Each structure stands twice: as structure tokens, then as C-alpha cells.
Amino acid sequence: MMDDMKLIYLAIPLVCLFAALIAGVFGRQIGRVGAHSITVAGVAVAFALSLYVYLDVIAGNTFNGTIYIWGVSDNFPFEVGFLIDSLTATMMVVVTFVSLMVHIYTIGYMRDDPGYQRFFSYISLFTFAMLMLVMSNNFLQLFFGWELVGLVSYLLIGFWYTRETAIYANMKAFLVNRIGDLAFLIGIAAIYATFGTLDYSAVFASVPEVLGQTIEILPGSEWSIITFISILLFIGAMGKSAQVPLHVWLPDSMEGPTPISALIHAATMVTAGIFMVARTSPIFEFSETALSVVMIIGAITAFFMALLGLVQNDIKRVIAYSTLSQLGYMTVGLGASGYAASIFHLGTHAFFKALLFLAAGSVIIAMHHEQDMRKMGGLRKFLPWTYITAAIGSLALAGIPPFAGFFSKDMIIESVHQSELFGSGIAYAAVLSSVVLTAFYSFRLMFMTFHGRPRMDQHTLQHLKESPMVIVLPLLLLAIPSVIAGALFINPMVFGDYFSGAIFVLPQHDVIGAIAEDYQGKSDLAVVFSFMFHGILQPPFWLAISGIFLAWLFYIRLPELPGKAVALVKPLYSLLMNKYYIDEFNQKFLANGTVGVGRLLSKFGDTIFIDGWLVNGTAKVIGYFSRALRPLQSGLVNHYAFAMIIGLLVLMTWFVRIN
Amino acid sequence: MSNIFADIQLATPEIFVFSMACVILLLDKVTHERMPKASFLLTQLTLLVGLYLVTITVPEGGSIKAFNDMFVLDGMAVLSKQVILFLTFVVLIYSYSYITERKMYRGEYFVLILNAVLGMMVMTSASHFLTIYIGLELLSLSLYTLVAMNRDSDLATEAAMKYFVLGALASGLLLYGMSMIYGATGSLDIETIRSAIQGMESDDTMLILGLVFIIVGIGFKLGVVPFHMWIPDIYQGAPTSVVLFLGTAPKVAAFAFIMRLLVDGFQGLAENWSDMLTIIAVLSMATGNILAIIQTNLKRMLAYSTISHMGYFLLGILSANPNGYSASLFYVIVYSFTSLAAFGLIIMMSRAGFEAEEISDYKGLNKRHPWFAFLVALVMFSMAGIPPTVGFFAKLSVIQALIDVEMYWLAVVAILFAVIGAYYYLRIIKTVYFDKPERNEPITARFGMQFVLSANVFALVLIMPWIGVIMDAVSNAISAMG
């Protein structure tokens with residue numbers, strides 16, 4: 001039985017890898033239909049098996065073991081291993097479900113693209129990498145998956161590699177992620193140095209033993225080793241999950257095709273950082289400093305990125321900033337030790353944000369690749385299905401009950417409210433005020449795109465029509481969990497002991513336990529209703545409603561209002577339009593500075609020192625010796641004999657003398 | 001004297017080679033006009049039968065002495081003789097067309113070669129100063145004559161003259177050293193000398209003086225700095241077919257010569273000769289590699305390369321332990337075969353009236369004959385010691401020997417000079433592949449020779465899987481020494 005399960009675990013990622021290889025290597029031979037058939041079939045199998053594993057895990061069967069040892073160095077084994085528990089199973093289902101939807105959607109979205117097979121190969125490869133990441137039972141394999149999803153993300157952002165902006169964006173994503181990955185790698189090295197192993201369970205088991213250990217990073221400043229490791233790991237998560245100030249790559253990544261924005265840059269890859277922190281909760285729990293850092297960074301991201309979402313006119317960029325803000329929410333939840341709430345939000349967000357992106361993609365196709373919302377309007381008549389599903393997504397995002405986002409977001413806000421860590425007050429204020437902003441920008445998007453009078457040109461207007469079935473079907477399928485996932489899972493997943501073996505929370509940090517006390521002993525349905533009833537009486541709900549009302553006021557009722565408001569706060573508006581000038585700062589100081597240092601090193605280090613002195617210098621000296629010694633070979637036999645005699649004399653005097 | 005027949009049996013290969021040399025000398029008078037190939041074929045037959053005889057006369061249980069302890073047969077002698085006979089056999093295959101085209105094809109040529117081979121065989125089996133000296137002189141005198149074989153060439157005559165004068169000087173010094181050792185120990189027998197030295201002070205002036213003179217003799221034979229002056233002139237001046245011979249088999253004989261004298265005889269003075277060889281080795285690696293850089297004549301460049309290779313070869317010996325000796329024997333065998341291929345390529349590129357001696361003659365060889373260009377590249381890689389060629393393992397084994405005895409600085413020096421050396425080998429490859437050809441006439445070479453040469457070159461790479469077998473054979477030979 002155990003071996004059968006092992007085979008299933010192994011099959012889930014490998015079937016995706018296999019499909020990716022076939023579509024990638026033999027894409028030309030198997031053609032478009034072949035490529036999408038095999039990859040969709042692969043991911044469908046992976047999804048079905050993931051569901052099976054999920055049910056198996058709910059039934060109480062977890063697994064932690066090595067599958068394959070691919071190398072041994074100095075007695076340290078490099079392993080491929082799986083840890084299958086509730087956290088992994090949840091991630092597997094979310095990843096394979098969203099991936100399957102995106103695969104199907106892509107058939108329609110990329111229909112006319114010359115890189116069709118390549119695209120399917122990449123997204124299948126991505127699914128493989130993401131699964132390896134979440135299923136890992138050790139840090140090394142985690143890092144492998146981490147880098148591989150980064151690579152595929154790079155390839156897909158630059159999928160249209162003839163566009164200069166796409167190349168700029170993928171280079172940017174790659175470089176910014178390097179910073180996070182460097183810290184992550186140092187963190188992993190620190191784990192190995194401290195614990196002598198990279199296996200999760202072994203590391204987590206010995207965390208309490210090293211609590212007192214410190215490390216001197218700069219002379220005179222002692223750090224707790226746990227804090228050191230936690231913060232490094234979190235910097236890694238900041239890169240991948242786009243937290244301020246490493247968030248700059250995510251908006252630009254919208255250069256990639258829309259299905260990618262849905263799959264990689266909203267639903268799955270960017271949540272890898274959240275997943276990783278939740279997975280390493282046994283380390284983070286022991287460092288309140290690190291938890292505070294996590295919470296504050298998350299709060300900053302949630303609030304300031306939501307602000308930026310207010311002023312964007314590109315439909316995809318609004319959703320991108322919304323993603324940043326929601327990732328901030330998840331991070332805040334982690335910092336408050338509400339890991340279960342964050343993972344819950346991760347799951348619901350994956351559904352409704354993928355839905356929103358795919359709906360935006362549907363709009364973009366109908367608009368002939370026009371992404372500016374100022375040229376849209378009144379689309380609900382032409383795209384009824386897209387409109388309904390996008391509305392569901394927006395309601396979920398804004399946190400209106402009974403949609404999925406309401407439950408998960410409320411849990412995070414409540415967790416922060418309960419937290420007593422340093423910074424929780426600011427974080428609570430940030431996440432509360434972001435609720436207004438979230439509701440405002442999501443309904444601004446809805447109103448500008450689907451309501452009002454059409455602002456597009458005549459030609460586009462005449463050709464507007466609903467997208468084909470392969471595009472609408474995934475929208476509908478994603479809409480279902482966007483509505484019900486919250487109500488369905490809040491009691492079993494968050495309040496129950498579903499994550500008890502996978503996530504570790506110290507009793508004094510147990511914010512979810514404190515919330516759960518109110519719902520003890522009730523049935524699932526009763527919990528859902530009392531949670532909703534409770535929620536309606538709380539500020540977040542009314543803030544969301546007021547956000548939606550404001551959006552209606554600004555964009556439907558009084559369309560001249562936005563212009564006046566902008567005129568009123570001109571400096572603030574230009575600050576937001578320029579994204580706080582962070583890109584300019586990076587370009588001017590960091591990028592130019594680095595290039596400058598590189599130039600200096602290239603000139604003095606490489607050209608003058610290494611090339612000039614070491615390489616050419618040695619060559620010159622040797623050449624000089626070569627010419628200087630040459631006359632000794634005079635061709636005269638008496639000189640030769642003389643040299644021999646000299647040699648003899650030197651040897652003789654030397655050895656007779658020294659003795 | 002007890003059993004002269006048993007003694008003779010041990011020396012069968014030497015006796016056979018000598019008899020055949022006499023037979024060929026006489027027979028050539030008769031067959032020279034009517035069957036010109038007879039002498040060549042007979043010589044090759046002699047070498048092969050000699051090889052067979054050496055192989056079947058393996059001594060039982062380590063070593064056997066004969067002829068009043070003047071002659072010894074042990075594992076090292078057997079292996080060295082096998083290598084010498086085989087090398088000479090291949091040398092003659094390469095030389096055949098060269099000497100026929102240049103009118104050097106005479107019976108004497110083969111008789112001299114066989115005599116030189118005999119001299120080398122005697123050297124490897126010598127256990128007495130006199131035997132050593134007789135073998136050495138037999139070899140040297142044959143070589144002097146061979147160098148002068150092309151009587152019409154001024155360059156060759158001059159080279160032969162220089163070689164002879166300097167060789168005579170070196171022989172004199174060697175003899176002088178031997179006489180001093182005789183004065184100090186009262187014997188010329190190597191085993192007696194060894195035990196006599198063990199009973200004496202290791203800083204005995206007479207012994208040290210004798211050792212210095214003997215080292216000079218050895219140094220001349222090997223062509224190491226500062227006794228190397230003859231090498232470039234002789235390599236350049238002598239006919240390529242003679243250089244081919246001179247640069248390969250005698251190096252193996254020289255190894256045996258060193259083993260008999262220094263390791264067998266002067267074991268008690270190991271500290272002294274190890275220091276002397278260190279100085280010589282460093283000077284050789286430096287001078288050889290640095291001067292090779294500015295050479296424009298390929299044969300002369302290879303001459304300096306030889307000097308540096310002999311420096312590397314000494315590294316194993318001067319580490320003064322059996323592992324080091326094995327490493328040196330391995331090195332010299334590998335070097336001989338690499339050098340064989342290198343000079344073989346020069347012969348193949350040449351024809352009557354045109355010696356492909358200048359490096360510029362090889363420009364753009366890849367465009368004229370890609371296969372030869374590839375062979376040249378492989379040989380140069382092996383010379384430079386770049387993996388996966390066997391030359392890399394040869395260098396690795398001698399440097400390993402140094403590391404084993406903790407002479408780290410010398411290992412570093414050896415590697416540094418190997419890096420410098422890589423420059424001029426790689427320059428040949430650059431010339432062959434990236435320069436524009438200056439000539440465009442087709443290259444003609446007999447198919448048989450092309451085949452053997454290709455096999456020779458490829459052996460430098462393809463031998464890899466069996467390198468362990470060779471290493472074992474080499475270390476067995478060393479451990480089976482008397």
C-alpha cells in the first residue's frame with residue numbers, strides 16, 4: 001500500500017515533466033493538437049491524483065521519506081524526497097487545479113500564436129517544478145523547485161522575445177529574484193551549518209536545541225541564529241512573493257501572456273514564498289523578531305501596493321497590484337502566526353485571482369489586445385459570461401460574504417487583531433484601510449470595463465463578441481470555488497486540526513485558536529453562518545461596502561469626480577503614477593551603481609591587473625627571458641663544453657662545500 | 001664460470017641481435033642491388049624476434065645474475081628491453097620512406113641501429129661499471145655515426161662533430177667519476193659498491209666528487225641543463241629519421257642507466273643525488289620551456305621540449321622511492337611514444353627536397369589535410385599534458401610522486417612551467433587550425449605509414465582504459481629490481 005502511494009506521489013510531478021518534454025522536444029512533430037492534448041491530459045492526471053492524495057491525507061495518511069539519493073558528498077546525501085501532509089496536499093490540489101484551468105484556457109487564448117507548443121511545454125514544466133517545490137521534504141529540493149519555477153517564469157515573461165519590453169521585464173524579474181535567492185541560499189547554508197542536515201523533520205525537531213545560539217554578523221552585534229536563519233529565508237520569500245522592496249518585478253511581468261499572469265504571477269509561483277514560510281513555521285515561531293519583520297513588510301506591501309492599484313489604467317496592471325496587495329495580506333497573516341489563515345487565503349486567492357486574470361484575458365481578446373480601461377466600457381452586454389465571472393471574482397476579492405475571499409481575508413484581519421507582537425497595531429491599521437482600497441480598485445475595474453458607455457472605436461465595437469468555449473469554461477470552473485471555497489473550508493481547514501501536523505504554532509502565538517474558541521463544537525454550517533453574521537457587524541465588511549460605493553460614485557454616478565480629485569491631490573497622484581519612484585531609484589542608484597562598480601572592476605581588476613599584469617605581464621617577462629637566454633646557444637662547440645664544465649664545477653663546489 | 005650455458009641463455013636476445021647485425025652487414029653487400037628491401041625486412045624481423053626472445057627469457061623470482069655478476073636480468077631490464085625493441089621497430093617503419101627518398105638507404109644504417117639497440121640492451125642489464133660503460137659507448141658511437149649518415153649535408157656533419165666532441169667529453173667525465181668511486185670503494189661491481197658505501201660516511205669527499213662526475217655523465221646522456229647544449233643542434237641538424245630514433249629509445253635506456261647507477265649503486269647517497277637532480281630538473285624545466293617559446297623551427301622546438309620533458313622525468317627519480325621510480329618509468333615510456341608520433345608526423349609531412357621543419361610549414365594544415373591536422377593537435381595535447389591524453393597522466397604521476405614525499409614547492413614549480421610549456425604546444429595547434437595556409441600542394445604519405453601513425457597517435461588517447469594495467473606493469477618492473 002505504501003509503495004503504491006509512493007508511485008502515485010512520484011507520478012504526479014513526473015507526468016507533467018513527461019508531457020513538457022514531449023511537447024517541447026517533439027512539438028513540431030506532434031503539432032498543435034498533439035501538444036495541447038498531451039499536456040492537458042498530463043495535468044488532468046496530475047490533478048486527479050492530487051485529489052486522491054488529498055482525500056488520502058484527510059483520511060490520516062501522511063508520508064515523509066526519501067525517494068531517490070542522487071549524490072553523496074562527504075557522507076552528506078543529496079536526496080529527492082517527498083513530505084506529503086495536509087499543507088502539501090492543499091497546495092498540490094490548488095496548483096494542479098489552476099494549472100489545468102489555465103491549460104484549457106490557453107488552447108483558446110494562444111490559438112494564433114506561433115509559439116503554441118513551446119508555451120504548453122513551459123507551463124507543463126512549470127507545473128512539474130511547482131509540484132517538486134511543494135512536495136519536497138528537504139531544503140535542497142525546495143531550492144531546486146524554487147529556482148526551476150523562477151527559470152520558467154523568466155522564460156514565460158519573455159515568451160514574446162522579440163518585444164523589447166518583454167526582454168526588459170524578464171531580465172528584471174530574474175535579477176530581482178537573484179537578490180532574494182541569494183539570501184535564501186545563504187539561509188539554507190546557515191541551516192546546514194547549524195543543524196548539519198537539510199531534512200525538514202530533522203531540522204524542525206532540533207530547533208529548540210539551538211535557541212540560545214548566537215552568531216556574530218558584524219563585529220559587536222550578536223544575533224540569535226534562529227532569527228538570522230528566519231530573516232534570510234524570509235528575504236528569499238520576499239523575492240519570490242514580491243514583497244516591498246523586491247516587488248518591482250511583478251507589475252512588469254505582465255508583459256507575459258495572460259494565462260501566465262494567472263497561473264504563475266497570481267495563483268501559484270508567487271505564493272511559493274508564503275508556502276515556504278508556512279512550511280518552516282517551526283523555525284519562524286521561535287523568533288519574534290522575524291515574525292515582526294514579516295508582519296511589517298507584509299503590511300507595507302498590502303497597503304502601499306493597494307494604493308497603486310487605484311491609479312492604474314491597464315486592466316492587467318490593476319490586477320497585478322491587487323495581487324501584490326493580497327500577497328501582502330498573506331504575509332501579514334504569517335507574521336501574526338496565523339499560518340492557516342494565510343494558506344487559506346492563498347487557496348481562495350488562487351481561485352479568484354486566476355479567475356480575474358483569465359477574465360481580463362477574455363476582455364483583452366475581445367478588445368483585440370487593447371488593455372487600457374479608458375478605451376473600454378459597457379462590455380457587459382457583449383461579454384455576459386466574462387462579466388458574470390469577473391463580478392464573482394471581484395466580489396470575492398473585495399471580501400463580500402458569502403464569497404470565498406470574505407472568509408479568508410477576514411481570518412487574516414482577525415488574526416492580526418489578536419496578535420500581540422511588535423508592529424501588530426500598524427499592521428492591523430494597514431490591512432483594515434486596505435480593505436477600502438481593495439474594494440475601490442476592483443470595482444473601479446468592473447465599472448470602467450463593463451459598465452458605462454462604450455469608449456472604444458467603432459471598428460472594435462462592431463467586432464465585440466463573447467470568447468469561445470475553451471475560454472469561458474475555465475472561467476466558470478474557477479468561479480465555482482471562488483464562490484464556495486471559503487464557506488466550504490473555513491471550519492475544517494482553519495478551525496479544525498487539519499494543519500496540526502504540518503504547521504507549528506507556539507501557544508502564546510496561537511491567534512487562530514483564540515478566534516476558534518467562539519466556534520467550538522458547532523457544525524460546519526453553523527460556523528459558516530455565525531462567522532458571516534459576525535463578519536457583517538465588523539468594520540471590514542462596511543469598509544468594503546463603502547469602497548464599492550465610492551467606486552460607483554466616482555465612475556458611474558459622477559464621472560467628472562476622478563479628475564477633480566486628481567487635481568486636488570496632484571503631488572500624491574504623480575507619486576502613485578510613478579510607483580513611488582522606486583523603479584527610478586533602482587535604475588539610477590542600484591543599477592547604475594552596480595554597472596559602475598562592474599566597469600571599475602572590469603577596467604582595473606580585469607583589463608589592467610589580470611590581463612595587463614598577470615596574463616600579458618607574465619607572457620612579456622617570459623618572452624624577455626626567452627630572448628635573453630637565446631644567445632647562450634651560440635652554436636660553438638667550445639661554448640657548449642664550457643657550459644658543461646661550469647655545471648660540473650658548480651655542482652662539485654656546492655656539494656663538497658655544503659658537506 | 002660454473003655454468004656458461006645458463007649464462008648464455010640469459011643473454012640470448014643480446015647475442016641474437018648482435019649476430020643478426022653481423023649477418024645483415026655481410027648480406028647487404030650481396031642483396032643491396034638485387035633485393036634492396038632485404039636489409040630493412042631482416043632488421044625488422046630481428047627486432048621482432050628479439051622482442052619475442054626478451055619476453056620468453058623472463059627471470060624466475062626477481063633477478064638473476066650472470067657472467068661473473070656483470071650482467072643482470074630482472075623485471076626492469078625485461079620491460080625496458082621490450083620497450084626499446086618495440087620503439088625501434090616503429091621508428092624503422094616511419095623512417096623507411098624517409099631514408100630511401102634521401103639516398104641514405106644503406107646496409108650500415110640498419111647495422112648501426114642494431115648496434116645501438118644492442119648497446120641499450122647491455123646498459124639495461126648491466127650490473128658492473130664496465131658493462132655499463134661498454135653498453136653506453138656502443139650506443140653513443142653508433143649514434144654519432146648515424147647523425148653523420150647524410151654525408152652531403154653540412155648541417156648533419158657539423159651536428160655529428162659537435163655530438164662526438166661533447167659526447168667524448170661526457171664519457172671522459174663519467175669514466176673519471178667511476179675511477180674515483182673505484183678509488184673510494186675498491187670495486188666496480190655495483191652491488192659491492194652499494195654495500196661499501198653503506199659502511200662509509202655519506203659526506204666522504206671522494207664519493208661526492210665521483211658522484212658529481214657520474215651525474216654529469218648521466219646529465220649529458222639525458223640532455224638536461226646545463227649539459228643539454230648538444231640537443232638543439234643535433235635535433236635540428238641530424239636527419240629526422242635519426243632524431244626519431246635518438247629521441248625515443250635511448251631515453252628509456254637512460255632511465256635504466258640511472259636506475260642501475262644511482263638507485264642500485266648509490267642508494268646510500270640518495271640525499272645527495274636527489275638534491276643535485278632537483279637543481280638540474282628545475283633548470284631543465286625552466287630553460288627547455290622558456291627557450292622553446294621563441295623557436296621557429298619545429299625540430300628545434302621539439303628539442304627544447306625534450307629538455308623540459310627530461311626535467312619532468314627526473315622529478316620521479318629525485319623523489320627517491322619506488323613510487324617515484326615507477327612514475328618516471330611511466331613518464332619516459334609515454335614521452336617516447338608521444339615523441340615518436342611527433343617526429344613521425346614531421347617525416348610524414350616531408351618529402352625529398354622539402355623538409356617540413358619550420359613551424360610556418362604547418363600553417364592552415366587543417367584546410368589542406370584535416371586528418372593530419374587532427375593528429376598534430378592530439379600529439380600536441382599529449383605533449384602539453386592536457387587530459388584526456390596519456391601525457392596528462394604521465395605528468396600527474398610524477399607530480400603525485402613529489403606530493404607523496406612532501407616536496408610541494410617543486411610540484412608547484414613543475415606545474416607553473418607546464419603552464420608556460422602549454423603555450424608553445426597550443427601555438428602549434430593554433431597555427432594548424434587558424435592560420436592561412438602558405439602552401440597548397442597535396443600531402444602524400446604511404447598508406448601503411450599513415451595507418452601506423454594514426455594508430456600511434458590514437459593510442460595516446462585510447463590507451464586510457466588500460467592505463468591501470470600499464471601502471472601495474474611499470475611498478476611490478478620496479479619492485480622486481482635486484
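Please read these numbers as outputs of a predicted model, since none were measured by experiment. Chain letters run A, B, ... following the sequence lines, proteins first and then strands; every chain starts at 1.
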Report task. Taking the side chain as every heavy atom from C-beta outward, state whether A/T197 and A/N138 have any atom pair closer than 4.5 Å. Result -> no
Query raised in the report: Are the aromatic rings of A/F126 and A/F128 close, with centres under 6.0 Å apart?
Result: no
Query raised in the report: Between B/R194 and B/F266, is NZ or CZ placed under 6.0 angstrom from the six-membered ring centre and within 45° of the ring axis?
Result: no
Query raised in the report: Which region of B/I279, side chain (C-beta onward) or backbone (N, CA, C, O), has a non-hydrogen atom less than 4.5 Å from a non-hydrogen atom of chain A, or is it both or neither?
Result: side chain
Requested in this report: Look up atom CG in B/L426 and atom CE in B/M380, then write down how far apart they are to the nearest 0.5 Å.
Outcome: 10.0 Å
Query raised in the report: Which residues in residues 166-185 of chain B have a heavy atom less than 4.5 Å from any heavy atom of chain A?
Result: B/L166, B/L169, B/A170, B/L173
Requested in this report: Count the heavy-atom pairs under 4.5 Å between each of A/L651, A/V637, A/I622, A/L648 and chain B, then report the option with the highest count.
Outcome: A/L648
Report summary line: Rounded to the nearest 0.5 Å, the CD1 atom of B/I420 sits from the CD1 atom of B/I293 at a distance of 6.5 Å
Report task. Could you please spell out the steps behind the ring pair (Phe, Tyr, Trp, His ring centres under 6.0 Å) verdict for A/F159 and A/Y161? Result -> CA-CA 5 Å; A/F159 183 77; A/Y161 50 80; 7.8 Å; no
Query raised in the report: Among residues 280-291 of chain B, which ones touch chain A with a heavy-atom distance under 4.5 Å?
Result: B/I280, B/I290, B/L291
**Report entry** Side chain, backbone, both or neither of B/Y163 within contact of chain A (heavy atoms, under 4.5 Å)
**Finding:** neither
Query raised in the report: So what's closer than 4.5 Å to chain A heavy atoms on B/E201: side chain, backbone, both or neither?
Result: neither
Query raised in the report: Should A/Y192 and A/F139 be marked as a ring pair (Phe, Tyr, Trp, His ring centres under 6.0 Å) after you check the CA-CA gap, both sets of side-chain angles, and the distance that decides it?
Result: CA-CA 9 Å; A/Y192 180 67; A/F139 283 98; over 10 Å; no
Query raised in the report: Taking side chain as C-beta onward, heavy atoms only, is A/Y640 less than 4.5 Å from B/K162?
Result: yes
Query raised in the report: Looking at A/R178 and A/E147, does any basic side-chain N land under 4.0 Å from a carboxylate oxygen?
Result: yes
**Report entry** Sorted by number, residues from residues 216-230 of chain B in contact with chain A (heavy atoms, under 4.5 Å)
**Finding:** B/V216, B/F220, B/P226, B/F227, B/H228, B/M229, B/W230
Report summary line: Closest non-hydrogen contact found for B/I428 with B/M301 is CD1-SD, 3.9 Å
Query raised in the report: Counting distance only, does the side-chain N/O of A/S124 pair as donor-acceptor with the main-chain N or O of A/S121 below 3.5 Å?
Result: no
Requested in this report: To the nearest 0.5 Å, tell me how far A/L232 CG sits from A/I188 CD1.
Outcome: 10.5 Å
**Report entry** Neighbourhood of chain B inside residues 626-635 of chain A, taking heavy atoms under 4.5 Å as contact
**Finding:** A/S626, A/R627, A/L629, A/R630, A/L632, A/Q633, A/G635
Query raised in the report: Any donor-acceptor pair under 3.5 Å linking the side chain of A/Q117 with the backbone of A/G27?
Result: yes
Query raised in the report: Nearest 0.5 Å, what's the CD1-CG distance between B/I317 and B/L277?
Result: 7.5 Å
Requested in this report: Return the minimal non-hydrogen interatomic distance between B/H309 and B/M383, and the atom names on each side.
Outcome: CE1-O, 3.4 Å
Report task. Kindly indicate whether the side chain of A/M132, heavy atoms from C-beta on, has any atom under 4.5 Å from the side chain of A/S136. Result -> no
Query raised in the report: Does B/F313 have B/K251 sitting over its ring (NZ/CZ under 6.0 Å from centre, angle to axis within 45°)?
Result: no
Query raised in the report: Is a side-chain N or O of A/Q141 found less than 3.5 angstrom from the main chain of A/G81, in a donor-acceptor match?
Result: yes
**Report entry** Part of B/I294 lying under 4.5 Å from any heavy atom of chain A
**Finding:** both
Report summary line: dist A/Y154:OH -> A/N177:CG (nearest 0.5 Å) comes out at 12.5 Å
